[in-house]
Amino acid sequence: MSTSDDDVLEALRSTFSPHTLTTDPAELDAHAVDKGPLEHWQVHVPRAVVFAESVEDVQTLVRLSAEHRFPLVTRGAGTSVSGGANSTEGSVVLSLTRMNQILAMRPEDEVAVVEPGVINADLNAAAAEHGLMYAPDPASYRISTIGGNVATNAGGLRCAKYGVTRDSVLALDVVLADGTLIHTGQATFKGVAGYDLTSLFVGSEGTLGIVVGVTVRLRHLSRHTETIAAFFDELTTAAQGVLEIGKARVQPAITELLDRNTMVALDQAQGSDLAGRGNTLLLIQTDGHGAAIEAEIIREVLRGLGATVSDPGSAESERLIELRRHARGDGIATEVRVGEDVAVPRSKLVDYIRAIEDLAEEHQVQLKVVAHAGDGNLHPTFSVPSSELSPESGPETSPDDDAGSPALPEAAPVTLDAAEGDLPASAMSRLHAALDGSVRLALEMGGTITGEHGIGTYKLRWLDWEQSAEVIALQRRIKDVFDPEYRLNPGRAIL
């Protein structure tokens with residue numbers, strides 16, 4: 001049983017200085033939630049927040065957690081959109097944002113060593129000085145931390161060519177549940193000694209250990225890029241264009257798809273005129289010395305499908321890449337929405353989009369589709385006007401109200417469960433029926449319930465749809481080995 005609040009706080013205050021420990025109510029509230037979907041009754045204010053400044057700070061706090069048996073929730077910038085860093089009942093929050101140093105930059109080896117609180121964009125800026133880049137680039141790259149990216153195995157726009165976070169992590173320094181510090185992996189691109197514990201920790205959402213150091217692989221920063229904007233009259237034709245590019249044996253660095261409703265929302269928020277130029281935008285970027293050649297091949301392919309394609313050297317195309325990073329966060333204030341992060345095999349991309357269009361029509365909800373189309377990772381969002389919700393079925397605050405759900409990067413799905421007794425045909429029931437249906441469709445097509453956002457708490461309800469009871473039981477046994485008392489980020493990632 002967890003030690004009382006008074007005893008825990010006394011132990012923390014006797015160990016950490018006021019500079020690194022806070023019980024200030026405003027700070028506790030700020031660290032109680034991440035950007036994931038959350039009802040007000042699910043919010044648990046932590047007992048305290050510890051801002052670690054060293055590996056030793058982390059080890060000390062973990063040992064206190066073991067001694068006093070309180071749960072420990074580790075977080076970086078709090079940009080998780082699946083509820084992976086929400087504070088749990090009786091927990092202490094460990095913030096790693098002050099561990100934000102780039103410890104080593106070795107350009108000749110194409111390797112960097114960083115603390116977990118380093119911002120993704122800051123690492124990229126430092127690498128760029130040496131003609132290099134850190135490839136994973138989630139939409140939140142300007143504020144998300146490398147430690148958080150590791151925890152969720154974050155993706156981004158460049159994944160189809162350069163892979164997700166796991167493909168750029170070579171080694172980790174990890175504090176285990178008993179305070180032991182271990183090092184996994186190696187500083188070389190190749191290395192197969194023993195089990196691949198590094199990959200096991202990547203994407204484990206802080207449930208197996210606390211990452212305090214990351215050795216990452218860097219890539220050459222291309223001197224040449226070509227960006228193509230292709231507007232289509234029809235969504236599934238644009239999706240077919242992704243497959244046709246592959247048949248032409250071209251591997252773009254970025255292949256993004258935005259449907260009409262997404263472009264309308266962007267136009268309203270950003271002052272652009274995308275929706276007036278077509279019903280679907282396929283946004284593609286090639287890189288490397290052959291960027292111009294590959295781009296011309298792509299233009300020819302897409303024109304053959306009837307697309308209106310931007311000319312070489314278009315300055316606007318670069319701005320569209322930045323607009324894409326806002327494509328899910330620019331919602332409409334008068335709508336209530338739920339959305340997801342599924343992935344399907346690329347060969348099923350067209351079929352999946354057609355199927356969820358039918359699903360939206362069946363449940364009488366609106367649909368927006370944004371996709372990392374190059375790797376089959378889609379973010380479908382279903383919505384209804386908030387006016388359709390009765391006072392009984394709606395939230396106590398609007399989904400854009402800071403007192404309800406926090407501002408959500410990439411417009412994370414806002415969970416607003418219908419109140420008990422609502423009719424099955426209510427707006428919220430329709431929304432959740434469409435959402436569940438979209439997840440089942442992805443699985444039926446050989447896909448997954450999460451491409452890049454992780455399970456957190458929000459997607460636990462779907463995990464056994466994808467994984468067998470035997471696989472889930474095996475994962476529990478792994479958790480038992482690393483964290484037998486279930487103190488590290490409890491209730492996340494596994495059932």
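Computed from a predicted structure; not experimentally measured.
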Look at the rings of His453 and His379 and say which category their plane angle falls in: under 30° parallel, 30 to 60° tilted, over 60° perpendicular.
parallel
Any donor and acceptor pair, going by atom type alone, linking the side chain of Ser222 with main-chain N or O of Gly288 inside 3.5 Å?
yes
Please tell me if the side chains of Ile245 and Ile284 come closer than 4.5 Å, counting only heavy atoms from C-beta onward.
yes
Walk me through whether Glu67 and Arg487 qualify under salt bridge (Lys or Arg N to Asp or Glu O under 4.0 Å).
CA-CA 11 Å; Glu67 180 182 352; Arg487 286 181 290 99; over 6 Å; no
Can you classify the ring geometry of His68 versus Phe70 as parallel (below 30°), tilted (30 to 60°) or perpendicular (above 60°)?
parallel
Just jot down the salt bridge (charged side-chain N to carboxylate O under 4.0 Å, His left out) partners of Glu110, sequence neighbours excluded, or say none.
none
Check whether any side-chain heavy atom of Ser204 lies under 4.5 Å from a side-chain heavy atom of Phe482, and answer yes or no.
no
Can Arg299 and Glu226 be said to form a salt bridge (Lys or Arg N to Asp or Glu O under 4.0 Å), step by step?
CA-CA 11 Å; Arg299 289 189 183 94; Glu226 284 275 341; 3.3 Å; yes
More than 12 foreign heavy atoms under 6.0 Å from NE2 of His220: is that the case here?
no
Could you check whether atom OH of Tyr195 has more than 12 heavy atoms from other residues, nucleotides or ligands sitting under 6.0 Å from it?
no
Val111 vs Thr215 side-chain heavy atoms within contact, under 4.5 Å:
yes
Look up atom CG in Leu320 and atom CD1 in Ile228, then write down how far apart they are to the nearest 0.5 Å.
12.0 Å
For Phe189, does the six-membered ring have the charged nitrogen or CZ of Arg217 within the cation-pi criterion, i.e. under 6.0 angstrom from the centroid and within 45° of the normal?
yes
Give a yes or no on whether Leu474 atom CG has more than 12 heavy-atom contacts from other residues, nucleotides or ligands under 6.0 Å away.
yes
Stepwise, does the side chain to side chain contact (heavy atoms under 4.5 Å, CB included) test hold for Leu258 with Leu266?
CA-CA 10 Å; Leu258 291 74; Leu266 274 174; 3.6 Å; yes
For Thr450, run the side-chain hydrogen bond (donor to acceptor under 3.5 Å, both in side chains) check against Asn377, Asp341, Thr152 and tell me which one passes.
Asp341
Are Val216 and Leu218 packed together at the side-chain level, in the sense that at least one heavy-atom pair is separated by less than 4.5 angstrom?
yes
Ion pair check, Lys459 and Glu340, cut-off under 4.0 Å:
yes
Is the centre of the Tyr134 ring less than 6.0 Å from the centre of the Tyr141 ring?
no
Do Leu72 and Leu61 come close enough that some side-chain heavy atom pair is under 4.5 Å?
yes
Is there a side-chain hydrogen bond (donor to acceptor under 3.5 Å, both in side chains) between Thr20 and Glu53? Walk through the geometry before answering.
CA-CA 8 Å; Thr20 55; Glu53 297 182 341; over 6 Å; no
Considering residues, nucleotides and ligands other than Gln251, do more than 12 of their heavy atoms fall under 6.0 Å from its CD?
yes
